[in-house]
Amino acid sequence: VTSGLVTETATADSLNAKSARVNQKLFDLVDISATVVFSIEGAAAAAFAGFDVLGVLVVGFAVGLGGGVIRDLLLGDLPPAAFRSPSRMISAFVAALATFLAILAIPELSTESLVYLDAVGLALFAVTGAQKASEHGCNLLVVTIMGAITATGGGVIRDVLLNRDPYVLTASVYGTAALAGAFATGLLMNRTSKPVLAMWIGFTVTFALRVLALHFGWELPHLAP
């Protein structure tokens with residue numbers, strides 16, 4: 001009997017370890033994808049603002065890594081994931097450089113696509129922030145806030161470097177979309193224990209809200225200037 005219990009325990013531990021590895025790989029994939037998307041968006045914004053190649057690389061690098069670094073610092077996950085392995089830094093640098101070269105080669109590229117690219121990055125970082133906070137044992141309120149901070153952190157850095165009002169404070173359904181997606185992710189992480197489903201739904205909520213707000217001109221109540 002004792003031998004059987006030991007075997008069952010070992011099997012359960014093995015399955016849990018395997019599940020943890022799969023979840024970590026999923027997180028890394030989504031997090032690096034978010035880094036690349038925001039690096040492209042930040043680099044493109046800097047290029048269209050007239051920055052030279054060094055400025056474009058700095059902005060793209062900072063924007064791509066910013067949200068994840070802020071998330072990890074707030075969660076006490078030190079050093080931040082961006083500095084524990086070169087994958088995120090290399091991805092951010094390559095994405096920023098490729099963006100600069102693409103705009104140099106095709107100067108007629110439109111800036112309109114940037115808002116949709118930004119929506120993708122916003123959604124990706126919202127779910128990674130929420131997932132990581134949930135796995136650190138945070139309650140749903142903290143999970144939601146962490147998702148939103150992760151999603152908007154890179155954009156704030158971008159706007160500060162470009163010397164313009166932070167988009168998160170001027171675009172009504174921006175931080176709101178990140179909050180909604182992070183909340184959906186955290187809720188499903190707690191109720192279903194299915195991180196893949198939680199992240200897909202959280203991504204869809206954030207991206208759909210942001211795109212619909214852009215299409216229909218949705219705004220939150222605000223005072224007239």
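FYI, side chains are in, hydrogens and waters are out, and symmetry mates aren't considered; it's all heavy atoms of this structure.
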Open item on the list: How long is the straight-line distance from CD1 of I90 back to OG1 of T35, given to the nearest 0.5 Å?
Closed with: 12.5 Å
Task: Heavy-atom side-chain proximity of F100 to L57 below 4.5 angstrom - done: no
Task: Within residues 135-155 or reaching into it, pairs that qualify as salt bridge (Lys or Arg N to Asp or Glu O under 4.0 Å) - sequence neighbours excluded - done: none
Open item on the list: Using only atom types and a distance under 3.5 Å, with no angle test, would you say the side chain of S134 pairs donor to acceptor with the backbone of A130?
Closed with: no
TODO: Output the rest of the hydrophobic cluster of L179: all Ile, Leu, Val, Met, Phe, Trp and Tyr residues reachable through side-chain heavy-atom contacts under 4.5 Å, sorted by chain and number.
DONE: none
TODO: Just jot down the salt bridge (Lys or Arg N to Asp or Glu O under 4.0 Å) partners of D52, sequence neighbours excluded, or say none.
DONE: none
Open item on the list: Can you pull out every ring-ring contact (aromatic ring centres under 6.0 Å, His included) where at least one residue sits in residues 116-161? Sequence neighbours excluded, please.
Closed with: F38-F125
Open item on the list: Suppose we screen for side chain to side chain contact (heavy atoms under 4.5 Å, CB included). Which residues come up paired with A133, at least two apart in sequence or across chains?
Closed with: L75, C138, V143, M146
Open item on the list: So, taking the atom named CD1 in I32 and the one named CZ in F27, what distance separates them when rounded to the nearest 0.5 Å?
Closed with: 9.5 Å
- [ ] Would you mind listing every salt bridge (Lys or Arg N to Asp or Glu O under 4.0 Å) that reaches into residues 59-74, with sequence neighbours excluded?
- [x] D31-R71, D72-K132
Task: Over all atoms of both residues, closest heavy-atom pair of A44 and I103 - done: CA-CD1, 3.8 Å
Task: Qualifying residues under salt bridge (Lys or Arg N to Asp or Glu O under 4.0 Å), relative to D118, sequence neighbours excluded - done: R158
Open item on the list: Is there a path of hydrophobic side-chain contacts, each under 4.5 Å between heavy atoms of I/L/V/M/F/W/Y residues, joining V53 to F51?
Closed with: yes
Task: Close side-chain approach of D77 to R84, heavy-atom, < 4.5 Å - done: yes
Open item on the list: When you group the ILVMFWY residues by side-chain heavy-atom contacts below 4.5 Å and let the links chain together, are V37 and V211 in the same group?
Closed with: yes
Task: Validation row: D28, R88 side chains within 4.5 angstrom (heavy atoms) - done: yes
Task: Members sharing L187's hydrophobic cluster (side chains within less than 4.5 Å) - done: L140, F183
Task: Smallest separation among heavy atoms of I201 and A184, with atom names - done: CG2-CB, 4.5 Å
TODO: Could you name each residue pair satisfying salt bridge (Lys or Arg N to Asp or Glu O under 4.0 Å) that touches residues 173-190, not counting sequence neighbours?
DONE: none
Task: Min side-chain heavy-atom separation V63-S39 under 4.5 Å - done: no
- [ ] State the CG-OG distance between L65 and S91, to the nearest 0.5 angstrom.
- [x] 9.0 Å
Open item on the list: Does anything in residues 54-97 form a ring-ring contact (aromatic ring centres under 6.0 Å, His included)? List the pairs, not counting sequence neighbours.
Closed with: none
Task: T176 side chain near L209 side chain, heavy-atom distance below 4.5 Å - done: no
TODO: Over all heavy atoms of both residues, which pair between A178 and A151 is shortest? Give the atoms and the distance, please.
DONE: CB-CB, 3.8 Å
Task: Inter- and intrachain pairs under salt bridge (Lys or Arg N to Asp or Glu O under 4.0 Å), touching residues 190-200, at least two apart - done: none
Open item on the list: Just verifying a value: how many Å separate L124 CG and F203 CZ, rounded to the nearest 0.5 Å?
Closed with: 5.0 Å
Open item on the list: Check for me, please, whether M89 and L54 land in the same ILVMFWY cluster - side-chain distances under 4.5 Å, paths through other members count.
Closed with: no
Task: ILVMFWY cluster, V58 and L162 together (side-chain gap under 4.5 Å) - done: no
Task: Distance in Å, T128 OG1 paired with L29 CG, rounded so as to fall on 0.5 Å steps - done: 11.5 Å
Open item on the list: Do M189 and M199 sit in one hydrophobic cluster, given that two such residues count as connected whenever their side-chain heavy atoms are within less than 4.5 Å of each other, even indirectly?
Closed with: no
- [ ] Hey, could you give me the CZ/CG distance between R164 and D159, rounded to the nearest 0.5 Å?
- [x] 4.5 Å
Open item on the list: I'd like to know if the side chain of T185 and the backbone of V127 have a donor-acceptor N/O pair within less than 3.5 Å.
Closed with: no
Open item on the list: I149: which residues meet the side chain to side chain contact (heavy atoms under 4.5 Å, CB included) condition with it, sequence neighbours left out?
Closed with: I70, L74, I145
